[in-house]
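Proteins get letters first, then strands, A, B, ... in listed order; numbering begins at 1 in each. A quick note: this is a predicted structure, and the numbers were derived from the prediction, not measured.
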Amino acid sequence: MVENLERQAPDKFTVINELARRRGFFWQSYEIYGGVGGFVTYGFLGAKLKQNIENKLREIFVKKLGIMEIEAPIIAPGKVFEASGHVDHFKEPMVECLNCKRRFRADHLLEETAKLSASDVEKLNLEELKEAIKEHNVRCPECGGTFGEPKHFLTMFKTTIGPYSEAVGYGRPEAAQGIFVEFRRLYEMAREKLPFGVMQMGHALRNEISPRQGLIRLREFTIVDIEFFFDPEDPNCYLLEDVGDETLRLVLAESKLRGSEEIVEITVKEALEKGYIKVAWQAAFMALAKRLLMELGVPAENQRFIEKLPWERAHYSLQSFDQEVYVDRWGWIEVSGHAYRTDYDLKQHMQFSGVDIRVFKEYEKPIVKEKKVIKPLMAKLGPAFKQETQKIAEMLSEVDPEEVEALFKAKGYFMLGKHKISPEHVEITTCKMEERGRRFIPHVVEPSFGSDRLVYVTLEYAYRVKEGRVVLSFPRDIAPIQVGVYPLVSKDGLPEKALQVYKMLIDEGFTAEYDEAGSIGRRYARADEVGIPLGVTIDYDTLKDDTVTIRDRDTWKQVRNSINVLPELLHKYFRKKVEFKDLGTLVKE
RNA sequence: GCGGCCGUAGUCUAGUCUGGUAGGACUUCGGCCUCCCGAGCCGGCGACCCGGGUUCAAAUCCCGGCGGCCGCACCA
């Protein structure tokens with residue numbers, strides 16, 4: 001099997017997908033019906049690995065930064081994605097060649113063939129695209145054929161909510177909107193203080209045209225969206241204290257425009273000083289994302305952040321970086337996106353819903369302004385205008401006091417609609433206005449992770465071949481199974497003793513596995529292949545002195561120690577407080 | 001969606017051209033054996049992607065579909 005793999009030298013993607021299927025990490029869903037592209041089912045090991053990775057995200061963002069995790073629905077009424085701009089932007093205009101049936105992006109064709117600019121083409125609707133294609137006589141670049149009607153392909157899953165077909169709903173293509181639409185309540189829960197962050201981890205749906213990259217591109221996948229709200233006029237980012245000196249490897253848009261993928265290695269602080277990254281919070285989250293990937297086993301030099309060009313960016317973003325990891329098969333692939341969404345989403349929802357979702361921020365000292373006001377003297381207005389009085393009083397509050405004063409000076413009266421207002425009807429006074437704060441829509445930076453991709457890169461970076469055997473060297477704190485427990489041989493009471501140890505470890509909260517099948521070597525090999533960091537073996541000495549051997553997955557070294565010290569030592573080991581050599585005395589081979 | 005290649009147990013594969021009982025290896029399971037690294041022996045489970053057609057007879061030939069890989073396109 002392994003020899004076979006080495007002989008054919010397939011890429012890691014193939015090897016990992018095969019291993020994943022064989023050992024039950026994940027596989028393509030609906031296999032008994034032939035399988036459907038873009039959907040995946042995680043087995044026991046994969047689900048556990050994914051949970052452990054997701055918990056790592058929780059640890060970094062929820063526990064340490066106090067970001068609030070929420071869980072919102074996957075289906076949203078049409079309005080939500082109309083407001084967010086997805087209904088308009090989450091689709092591509094396509095034309096089909098009537099001759100060879102090839103499909104092309106209509107806008108791309110016009111850019112290339114008719115030499116129209118990207119921004120011009122983007123504005124065109126289907127009808128205009130059709131005309132532009134006709135006008136410029138655009139033909140199929142493959143066979144020279146003519147094109148049919150341009151059509152949009154919407155990449156959101158559309159459905160109806162309830163039995164009424166007019167109630168259109170969409171499966172969310174991102175979890176972010178579930179946060180934005182609940183902003184008011186979330187802001188309250190954050191004690192009405194900025195900055196604050198909200199995270200949502202859950203499934204998202206994108207009806208990809210041709211998803212053929214395993215966990216890398218799925219139609220249903222797990223997204224982790226963090227929306228971090230801040231005051232755009234208060235750039236202070238307290239995270240810089242922690243991450244300011246962290247280095248980032250950036251590929252800047254300006255380099256890409258020159259056709260280069262040159263990497264600028266720079267600290268977070270410097271990147272902000274030089275203006276490479278517009279928002280401090282965004283830079284800070286990029287640093288945290290880098291650390292996360294390192295903890296998943298991806299070294300810094302195999303990571304980079306690549307800036308999106310304006311036309312590559314999502315419709316809501318002012319600046320975007322993709323965090324990329326180098327993988328064997330495709331080179332650089334995106335594992336997280338960092339978008340500066342500004343106030344775009346909240347503004348849109350405010351407009352579409354009609355609900356004021358601005359926040360109020362009190363000034364440290366109220367700003368006192370002197371302001372002229374017109375005070376209607378009702379005692380004079382009443383007798384003069386009778387039933388019109390109320391209306392006039394309202395209208396007076398709308399006019400500019402300065403202007404009125406000037407008119408009085410010049411003409412001795414002014415016309416309010418058809419009414420003649422004289423100085424005797426009103427009083428113009430100066431009064432002190434106190435502005436206690438301001439109302440504004442917070443800005444947002446969004447770090448967004450793809451859980452499934454994290455699972456994939458974790459697997460790829462854990463993959464090793466040692467002496468012809470596959471070892472998944474997961475970081476010990478995300479390994480799906482922590483400890484394997486084995487009787488050296490399955491007789492003479494060793495299995496019974498091993499089961500006791502196994503139960504004790506389970507009771508202590510470890511994820512453990514008991515295995516007595518085959519020879520001990522076979523069991524170690526099997527455990528290595530699913531990445532179990534430690535193996536505890538019960539042998540004949542155990543029966544005499546209650547000690548066991550503990551085997552390290554990566555070095556295959558063994559130490560020996562008493563059963564009763566295992567729980568405490570192993571807890572420390574999995575929390576990275578002690579190393580393998582600290583678990584006991586080395587066994588000579 | 002298009003083009004090329006491909007589809008036999010969990011995995012790798014023989015058989016397909018030339019239609020006639022689907023065979024092996026690894027894995028897995030049970031047993032024996034086994035005092036630390038996929039050892040050995042015995043036994044068991046397990047497959048022709050789906051549908052239609054041709055034929056006495058289809059894994060094999062024909063048609064359609066589904067799925068995979070590679071390329072194109074797409075990836076907000």
Side-chain angles (χ1 to χ4, degrees), chain A residues 1-5 7-8 10-11 13-15 17-24 27-28 30-38 81 84-92 94-97 99-105 108-109 122 140-143 153-156 173-174 206-214 216-219 308 311-317 320 322 329 333-334 337 339 466-471 486-492 494 516-529 535 537-543 548-551 553 556-558 560 587 589:
Chain A
M1 197 27 239
V2 169
E3 285 168 63
N4 206 2
L5 293 177
R7 193 175 63 238
Q8 295 182 352
D11 60 40
F13 176 78
T14 307
V15 172
N17 276 286
E18 193 206 295
L19 174 66
R21 199 167 355 113
R22 194 159 43 82
R23 298 308 308 265
W27 56 85
Q28 192 182 36
Y30 310 115
E31 274 177 338
I32 64 164
Y33 290 108
V36 184
F81 289 110
S84 70
H86 285 84
V87 171
D88 286 335
H89 292 96
F90 218 72
K91 62 186 179 187
E92 306 301 338
M94 296 186 85
V95 282
E96 190 177 83
C97 170
N99 182 39
C100 70
K101 304 291 176 198
R102 276 177 219 271
R103 287 184 173 195
F104 301 91
R105 289 236 344 222
H108 287 184
L109 273 179
E122 263 176 31
C140 173
E142 293 295 322
C143 76
F153 178 69
L154 183 70
T155 43
M156 279 196 293
E174 57 167 16
R206 297 182 184 185
N207 203 359
E208 301 285 353
I209 294 168
S210 178
R212 284 187 301 192
Q213 297 163 39
I216 306 301
R217 248 175 82 225
L218 294 167
R219 290 193 167 111
K308 296 287 214 175
W311 53 88
E312 293 173 335
R313 288 198 301 255
H315 59 278
Y316 47 68
S317 173
S320 287
D322 278 353
R329 176 118 169 207
I333 60 154
E334 180 190 352
K466 184 173 161 80
E467 295 176 25
R469 292 182 353 194
V470 173
V471 180
Y486 320 104
L488 185 60
V489 293
S490 46
K491 62 176 185 185
D492 299 333
L494 295 186
E516 62 162 81
S519 67
I520 189 69
R522 185 187 215 73
R523 285 175 257 159
Y524 288 150
R526 228 182 346 232
D528 288 344
E529 205 179 40
T537 303
I538 282 69
D539 55 24
Y540 286 96
D541 288 344
T542 312
L543 300 179
V548 291
T549 63
I550 308 166
R551 171 187 179 270
R553 172 197 64 199
W556 298 358
K557 283 188 177 146
Q558 288 184 300
R560 182 170 273 275
V587 175
E589 280 159 40

Parallel, tilted or perpendicular: rings of His86(A) and Tyr316(A) (30°, 60°): tilted
Derivation of the side chain to side chain donor-acceptor pair (under 3.5 Å) call for Tyr524(A) and Thr537(A): CA-CA 10 Å; Tyr524(A) 288 150; Thr537(A) 303; 2.5 Å; yes
Nearest-Å distance once atom C1' is located in both A14(B) and U8(B): 10 Å
U34(B) OP1/OP2 closer than 4.0 Å to side-chain N/O of Lys491(A): yes
Partner nucleotide, any strand, of G1(B) [Watson-Crick/G-U, under 3.5 Å]: C72(B)
Base-pairing assignment for G64(B) (Watson-Crick or G-U wobble, both under 3.5 Å): C50(B)
Separation between the P atoms of U27(B) and C63(B), rounded to whole Å: 41 Å
Whole-Å distance separating the NZ atom of Lys557(A) from the C1' atom of C37(B): 16 Å
Phosphate contact (C36(B) OP1 or OP2) by Thr549(A) side-chain N/O below 4.0 Å: no
Strand partner of A22(B), provided both Watson-Crick or wobble distances fall under 3.5 Å: none
Nearest-Å distance once atom C1' is located in both U16(B) and C75(B): 39 Å
Thr542(A) OG1 to Arg560(A) CZ distance, which is reported to the nearest 0.5 Å: 5.5 Å
Whole-Å gap separating C1' (C36(B)) and CZ (Arg469(A)): 11 Å
Distance in angstrom units between Arg21(A) CZ and C26(B) C1', rounded: 16 Å
Whole-Å gap separating C1' (G1(B)) and CG (Asn207(A)): 13 Å
Nucleotide nearest Arg551(A) (side chain, heavy atoms from C-beta), chosen from C37(B), C35(B), C36(B): C37(B)
Span that lies between the P atom of G10(B) and that of G52(B), in whole angstrom: 23 Å
P-based separation of U21(B) from C61(B) [nearest Å]: 16 Å
Among G67(B), C36(B), C75(B), the one nearest Arg217(A) by side-chain distance: C75(B)
Minimum heavy-atom distance Arg523(A)-Leu488(A), with the two atoms named: NH2-O, 3.4 Å
Mate of A59(B) where both pairing distances stay under 3.5 Å, Watson-Crick or G-U: none
Donor-acceptor pair under 3.5 Å, Asp539(A) side chain vs C35(B) base: no
Sugar-phosphate only, base, or nothing, as touched by Arg313(A) at under 4.0 Å among non-hydrogen atoms: sugar-phosphate
All side-chain hydrogen bond (donor to acceptor under 3.5 Å, both in side chains) counterparts of Arg551(A), not counting sequence neighbours: Asp528(A)
Sugar-phosphate only, base, or nothing, as touched by Ser490(A) at under 4.0 Å among non-hydrogen atoms: base
Atom pair distance, as rounded to whole Å: CG in Leu543(A) and C1' in C35(B): 11 Å
Distance-only donor-acceptor test, Tyr524(A) side-chain atoms vs C36(B) base atoms, 3.5 Å: yes
Any donor-acceptor N/O pair under 3.5 Å between C37(B) base and Arg523(A) side chain: no
Separation of G10(B) C1' from Leu19(A) CG (nearest whole Å): 12 Å
Complement of G43(B), any strand, by Watson-Crick or G-U distances under 3.5 angstrom: C29(B)
Interatomic distance at P, C2(B) relative to G64(B), whole Å: 12 Å
Touch class at under 4.0 angstrom, heavy-atom based, for Gly37(A) against every strand present: sugar-phosphate
Phosphate contact (G68(B) OP1 or OP2) by Gln28(A) side-chain N/O below 4.0 Å: yes
Gap in Å between the two P atoms, one belonging to A73(B) and one to U28(B), rounded: 44 Å
Phosphate OP1/OP2 of C36(B) contacted by Arg522(A) side-chain N/O (<4.0 Å): no
Validation row: Tyr486(A), Leu494(A) side chains within 4.5 angstrom (heavy atoms): no
Contact summary for Asp492(A) and Leu543(A), nearest pair of heavy atoms: O-CD1, 3.7 Å
Residue whose nearest RNA chain B nucleotide is more 5′ - Arg526(A) or Arg560(A): Arg526(A)
C1' atoms of C48(B) and G67(B), separation to the nearest Å: 16 Å
Under the side-chain hydrogen bond (donor to acceptor under 3.5 Å, both in side chains) test, residues paired with Arg313(A) that sit two or more places apart: none
Rounded distance (Å) that lies between atom P of C26(B) and atom CZ of Arg22(A): 15 Å
Atom-pair distance (CD1 on Ile216(A); C1' on C74(B)), nearest Å: 17 Å
